[in-house]
Amino acid sequence: QIQFTKKTDVGLYECQVSTNPPLIQYSFLNVVVPRIKIVDERHQEVEDRIFYDKGSTIKLKCMVENIVGEQPEYIIWKKGARMTNYDTERGGISVTTDLLVNGAQSRLHIAGATYTDSGNYTCMMGRTASLRLELQIIPGETAEQVRDVNQGGRVASSLMMLMACVALAAMSRLAEV
C-alpha cells in the first residue's frame, strides 16, 4: 500500500513471493494529479498575484479538477495561516463551495476590500491540491489597468515602478492631511 502518493511514485512495481520457482507479478502504477487553478471574475486564470482597488468587491473562484477516488469533502480558503471560510471577525467575506463528481469549485467573495485584505491567499483541498496567490489592494482606480498589463502573473519592471509611484503619491497625500 502506498499512502499519500506523489507524481514521482509513477512506475513499474514488482511483487515477489519467495517460492521455488519464485512467483513474480508486475504492476504499473499511474498517479493522477488533480489540477487546481484560481480564476478572477473575468474567468481569467490568476497565476501569482492579482490587484484590486480599495473598496472593490473581490470575486475569486478556485477550481479543482481531475480527482480520482473519493469525492472531495471540502475546500478551504486561507489568508496566511488563518482560515477565511468561517471568518466572522472582519465581516463581508463569504465562501461557497460546490462539490462535483470529479472535482470542486469554491468561490471567495470579499466585499468592500481594504488594505488589510492584502496578503497571501491559499485555496486548498486537504493534502490533495493547493494553490497560493498574492492579493494586493491598491489606492485609486488603477487595479484594472494593472491587471490588464499584468496578464498571466508576469509583471514588467516599469509596471512595478508605476505602482511604487502611485503608493508614494498616496502616502505623501496622507502625510499632508
Side-chain angles (χ1 to χ4, degrees), residues 1-52 57-90 93-110 113 117-137 146-157 159-160:
Q1 179 179 0
I2 302 173
Q3 291 186 325
F4 313 118
T5 54
K6 305 176 289 299
K7 190 67 178 167
T8 56
D9 294 325
V10 169
L12 188 63
Y13 287 78
E14 177 182 298
C15 177
Q16 196 175 81
V17 179
S18 297
T19 60
N20 193 358
L23 296 173
I24 300 173
Q25 176 71 44
Y26 293 97
S27 296
F28 187 84
L29 177 67
N30 187 26
V31 177
V32 178
V33 179
R35 288 186 303 272
I36 185 168
K37 66 182 177 179
I38 297 175
V39 297
D40 63 13
E41 65 280 353
R42 300 183 302 180
H43 304 287
Q44 292 182 337
E45 190 168 348
V46 180
E47 291 183 14
D48 296 321
R49 72 173 58 129
I50 190 164
F51 299 92
Y52 281 92
T57 298
I58 299 167
K59 295 179 181 178
L60 297 173
K61 183 177 6 176
C62 177
M63 301 187 310
V64 183
E65 302 167 333
N66 204 28
I67 297 172
V68 176
E70 293 183 27
Q71 183 181 14
E73 295 179 16
Y74 58 87
I75 289 184
I76 294 174
W77 281 92
K78 289 177 145 188
K79 179 184 177 207
R82 185 180 176 113
M83 190 167 67
T84 60
N85 289 46
Y86 309 105
D87 191 354
T88 57
E89 197 172 293
R90 180 208 182 272
I93 297 177
S94 65
V95 174
T96 55
T97 301
D98 299 318
L99 302 176
L100 310 170
V101 175
N102 66 342
Q105 295 182 357
S106 183
R107 289 170 293 288
L108 173 64
H109 184 274
I110 303 174
D117 292 319
S118 293
N120 293 323
Y121 285 79
T122 305
C123 171
M124 56 193 305
M125 189 185 75
R127 297 183 204 215
T128 308
S130 70
L131 187 63
R132 185 190 70 81
L133 67 86
E134 180 183 349
L135 172 70
Q136 291 185 7
I137 307 302
V146 170
R147 289 195 333 207
D148 287 340
V149 173
N150 187 25
Q151 194 99 41
R154 293 172 291 279
V155 180
S157 60
L159 178 60
M160 291 306 287

| message | Is a donor from one side chain sitting under 3.5 angstrom from an acceptor on the other, for Ser106 and Trp77? | response | yes
Distance-only donor-acceptor pairs under 3.5 Å for side chains of residues 15-39, two or more places apart:
{"from": "Gln16", "atom 1": "NE2", "to": "Glu14", "atom 2": "OE2", "distance (Å)": "3.3"}
{"from": "Thr19", "atom 1": "OG1", "to": "Pro21", "atom 2": "O", "distance (Å)": "2.6"}
{"from": "Tyr26", "atom 1": "OH", "to": "Glu14", "atom 2": "OE1", "distance (Å)": "3.3"}

| message | I need the Lys61 NZ to His109 NE2 distance, nearest 0.5 Å. | response | 13.5 Å
| field | Lys59 with Glu41: basic N within carboxylate O range, under 4.0 Å | value | no
| request: Could you pull out all residues at least two apart from Asn66 that satisfy side chain to side chain donor-acceptor pair (under 3.5 Å)? | output: none
| request: Applying side chain to side chain contact (heavy atoms under 4.5 Å, CB included), run through Ile50 and Tyr121 and close with a yes or a no. | output: CA-CA 11 Å; Ile50 190 164; Tyr121 285 79; over 6 Å; no
| remark: All heavy atoms of Asn120 vs all of Arg132, minimum pair found to be OD1-NH1, 2.6 Å
| query | Rounded to the nearest 0.5 Å, how far apart are CG of Leu108 and OG of Ser94? | reply | 7.5 Å
| Tyr74, OH: over 12 other non-hydrogen atoms inside 6.0 angstrom | no
| Where is the tightest heavy-atom contact between Asp40 and Arg42, given as atom of each residue plus distance? | OD1-N, 2.9 Å
| task | Hey, could you give me the CG/CD1 distance between Leu135 and Ile110, rounded to the nearest 0.5 Å? | result | 6.0 Å
| task | Output the distance between atom CD1 (Ile76) and atom SG (Cys62), rounded to the nearest 0.5 Å. | result | 11.5 Å
| remark: Ser130 and Met124 have their tightest heavy-atom pair at CB-CB, 3.6 Å
| Looking at CD of Glu47 and CD of Glu134, how far apart are the two atoms once the value is rounded to the nearest 0.5 Å? | 14.0 Å
| note | When rounded to the nearest 0.5 Å, the distance separating CG of Leu99 from CE of Met125 is 9.5 Å
| request: Using the test side chain to side chain contact (heavy atoms under 4.5 Å, CB included), find all partners of Thr96 that sit at least two apart in sequence or belong to another chain. | output: Arg107
| query | Could you walk me through whether Leu100 and Gln105 pass the side chain to side chain contact (heavy atoms under 4.5 Å, CB included) check? | reply | CA-CA 8 Å; Leu100 310 170; Gln105 295 182 357; 4.2 Å; yes
| note | Tightest non-hydrogen contact, residues Ser118 and Ile137, listed as OG-N, 2.8 Å
| request: Would you please test Ile75 and Val64 for side chain to side chain contact (heavy atoms under 4.5 Å, CB included) and show each step? | output: CA-CA 9 Å; Ile75 289 184; Val64 183; 3.9 Å; yes
